[in-house]
Amino acid sequence: MYALCILAGIILATIITSRRLTKRGAEPGIVLDVVLWAVPLGIVGARLYHVFTHPDDYFAGQEWWKVFAIWEGGNAIYGSLIGGAIGVIIACRLTGLRFWSFADALAPGLLVAQAVGRLGNWFNHELFGWPTDLPWGLEIGSDNPAFPAGLPEGTLFHPTFLYEIVWNLLGVVVLLGLERTFRLRWGKMFGAYLIWYGAGRAVFETIRVDPSEMFLGIRSNVWASFAAIVIGLVIIAVQSRRHTGIEPSVYRPGREWVPADAEVDSDDTESDTDSLDDGVEGENAHGEPAATSSSRSASE
């Protein structure tokens with residue numbers, strides 16, 4: 001069920017991103033060319049990040065091949081962001097898309113995907129938080145390997161994955177509102193995503209009870225959340241100074257996509273070529289050679 005939740009999230013993010021890109025002038029379906037690179041590298045990045053932030057689970061005398069046993073669980077969202085970003089960079093180089101344009105289009109869909117993927121934690125009864133008496137507390141069986149030792153059976157725990165689902169879906173509304181108000185382009189929408197997700201994850205991560213690598217008494221994913229916030233702020237600051245105008249296209253110069261119907265000339269419509277041919281064959285009223293139109297020379 002966890003795998004199905006992740007797949008459902010990927011599909012939803014793909015649909016949302018495709019629609020947003022198409023509205024900005026991208027070729028319909030081009031998002032699939034990016035997904036073919038981003039998803040596999042995102043999975044690899046998610047696994048590598050988890051392995052290196054949980055070294056005792058893999059490098060303390062265990063069989064070496066357990067590093068690749070992804071079916072036993074162990075994937076990290078921050079690792080998937082890093083690996084996925086590498087995949088997007090490669091795909092954008094191949095397709096001619098601007099990396100930041102794609103990242104901006106992706107941001108809301110990414111939050112939706114992460115929200116849907118978190119449902120898998122409910123099916124697995126994992127990644128929950130401290131004990132709580134709140135009415136929405138999650139009941140975990142005492143036979144669950146993640147059940148904290150010393151607590152009585154029937155103890156309720158904070159459903160941290162539910163908090164993250166709500167936070168992510170709220171983030172979609174907030175980001176779309178900011179985009180409409182401030183016309184966030186040139187990567188600033190993605191920067192806002194990093195700030196929003198990092199801020200929420202930093203809080204939810206601190207109340208989780210699952211083991212994690214600690215640095216200076218702080219969980220590794222909290223440090224990663226702080227880094228996401230800082231990176232988001234830097235992206236917005238730098239891109240706001242570098243690009244003050246409207247983003248001209250989601251494609252890099254010279255790689256623009258032109259719809260097929262935009263190149264079709266009707267028999268009832270005079271084309272630039274027809275006008276040029278008439279001018280070359282004849283002369284103007286004063287017997288001088290006809291001049292080439294400025295629009296023709298400019299298009300060349």
Nearest heavy atoms of [X] and [Y], plus distance in Å:
X	Y	result
Ala228	Tyr78	CB-CE2, 4.1 Å
Arg98	Trp186	NH1-CZ3, 3.7 Å
Ala26	Leu97	CB-CD2, 4.5 Å
Val172	Pro108	CG2-O, 3.7 Å
Tyr163	Ile207	CE1-CD1, 4.2 Å
Ala8	Val116	CB-CG1, 4.0 Å

Does a sphere of radius 6.0 Å around [atom1] in [X] hold more than 12 heavy atoms from other residues, nucleotides or ligands, not counting ones at 6.0 Å or beyond?
X	atom1	result
Trp257	CH2	yes
Trp65	CH2	yes
Arg255	CZ	yes
Leu134	CG	yes
Phe68	CZ	no

Any side-chain to backbone donor/acceptor pair from [X] onto [Y]? Under 3.5 Å, distance only.
X	Y	answer
Thr206	Val203	yes
Thr53	Tyr49	yes
Arg185	Glu179	no
Asp104	Met189	yes
Thr155	Leu151	no
Arg47	Val67	yes
Asn124	Glu126	no

| request: If the plane angle is over 60° it's perpendicular, under 30° parallel, otherwise tilted; pick one for Trp167 and Phe204. | output: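 Aromatic pair Trp167/Phe204 classed perpendicular.
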For the residue pair Tyr193 and Tyr197, does the interplanar ring angle fall in the parallel (under 30°), tilted (30 to 60°) or perpendicular (over 60°) class?
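Taking Tyr197 first and then Tyr193, their aromatic rings lie parallel (interplane angle under 30°).
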Applying a strict under-4.5 Å side-chain criterion to I, L, V, M, F, W and Y, I'd like to know whether Trp136 and Phe161 cluster together.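 The answer is yes; both residues are in one hydrophobic cluster.
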**OP:** Could you give me the CA-CA distance, side-chain angles and deciding distance for Leu175 and Leu111, then say whether side chain to side chain contact (heavy atoms under 4.5 Å, CB included) is met?
**Re:** CA-CA 10 Å; Leu175 261 61; Leu111 283 174; 4.1 Å; yes
Stepwise salt bridge (charged side-chain N to carboxylate O under 4.0 Å, His left out) test for Arg24 and Glu256: CA-CA 12 Å; Arg24 298 181 187 182; Glu256 294 85 356; over 6 Å; no
*Go through the steps to decide whether Asn221 and Arg201 satisfy the test side chain to side chain contact (heavy atoms under 4.5 Å, CB included), and finish with yes or no.*
CA-CA 8 Å; Asn221 280 335; Arg201 183 66 185 271; 3.4 Å; yes
Could you work out, with side chain to side chain donor-acceptor pair (under 3.5 Å) as the rule, every residue matching Glu247, not counting sequence neighbours?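 Counting only residues at least two positions away or on another chain, Glu247 forms a side chain to side chain donor-acceptor pair (under 3.5 Å) with Ser101.
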query: Which residues pass the ring pair (Phe, Tyr, Trp, His ring centres under 6.0 Å) test with Phe147, sequence neighbours left out?
result: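 Expected list: Phe157.
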